[in-house]
Amino acid sequence: MDTAPVAPSSPGREASSPVREARPTRVVVVPEGPLLVDGPVEVELGDGRIAYSDRPQVALCLCRRSRSYPWCDTSHRRRGPHPRATTTD
């Protein structure tokens with residue numbers, strides 16, 4: 001009978017208990033929009049403050065126009081494309 005490999009046990013864990021691998025965090029880049037991240041998330045801001053959300057998915061503002069930064073409030077839609085998002089020939 002074939003069995004799946006089991007990771008070595010850590011202190012306090014029974015060797016016979018199955019080890020579940022964590023799924024990687026999914027991040028989706030939306031063109032000219034926010035960064036969608038599977039939650040819950042903790043975001044460390046440049047000044048050291050921590051923003052936390054326990055939602056199953058959050059939209060992080062990339063254009064910095066949001067009044068609820070770091071969370072996206074769709075401000076990018078009302079003001080047109082951000083200069084970074086435009087291309088030059």
Side-chain angles (χ1 to χ4, degrees):
M1 173 196 285
D2 291 333
T3 60
V6 176
S9 62
S10 60
R13 181 184 290 194
E14 302 241 353
S16 62
S17 65
V19 176
R20 293 183 69 175
E21 291 187 32
R23 288 184 11 192
T25 301
R26 191 171 139 241
V27 178
V28 178
V29 178
V30 177
E32 297 184 31
L35 190 67
L36 302 177
V37 181
D38 285 351
V41 298
E42 191 176 272
V43 178
E44 184 175 343
L45 302 173
D47 62 3
R49 290 181 298 143
I50 302 292
Y52 178 80
S53 175
D54 61 356
R55 297 181 61 140
Q57 186 176 61
V58 296
L60 296 176
C61 176
L62 296 178
C63 70
R64 299 190 71 106
R65 295 174 180 162
S66 174
R67 290 185 182 165
S68 59
Y69 186 82
W71 319 119
C72 178
D73 67 1
T74 68
S75 291
H76 60 276
R77 292 181 188 168
R78 292 186 292 277
R79 297 187 187 166
H82 191 276
R84 260 191 321 188
T86 61
T87 59
T88 56
D89 291 87

**Student:** Quick check: is Val29 connected to Val37 through a chain of hydrophobic side chains (ILVMFWY, heavy atoms under 4.5 Å apart)?
**Tutor:**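 Yes: a chain of side-chain contacts under 4.5 Å links Val37 to Val29.
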**Student:** Minimum heavy-atom separation for Asp38 to Thr25, with atom names?
**Tutor:**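 Result for this residue pair: O-CG2, 3.8 Å.
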**Student:** Rounded at 0.5 Å granularity, tell me how far CZ in Arg64 sits from OG in Ser75.
**Tutor:**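 Here the interatomic distance stands at 13.0 Å.
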**Student:** Locate the shortest heavy-atom distance separating Glu32 from His76; write the atom from each residue and the value.
**Tutor:**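 Where Glu32 meets His76 most closely, the heavy atoms are O-CD2, 3.2 Å.
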**Student:** About how many Å separate CD of Glu42 and CG of Asp54, when rounded to the nearest 0.5 Å?
**Tutor:**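 Answer rounded to 0.5 Å: 12.0 Å.
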**Student:** With a 4.5 Å cut-off on side-chain heavy-atom distances among I, L, V, M, F, W and Y, is there a chain of contacts connecting Leu36 to Val43?
**Tutor:**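 Hydrophobic grouping puts Leu36 apart from Val43.
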**Student:** Side-chain heavy atoms under 4.5 angstrom apart, residues restricted to Ile, Leu, Val, Met, Phe, Trp, Tyr: same cluster for Val41 and Leu45?
**Tutor:**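 Same hydrophobic cluster.
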**Student:** So, applying side chain to side chain contact (heavy atoms under 4.5 Å, CB included) with Trp71, which one of Pro34, Cys61, Ser53 is it?
**Tutor:**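 Exactly one candidate clears the test, Ser53.
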**Student:** Hydrophobic clusters here meaning ILVMFWY residues chained together by side-chain heavy-atom distances under 4.5 Å, can you tell me if Val58 and Val27 are in one?
**Tutor:**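 The answer is yes; both residues are in one hydrophobic cluster.
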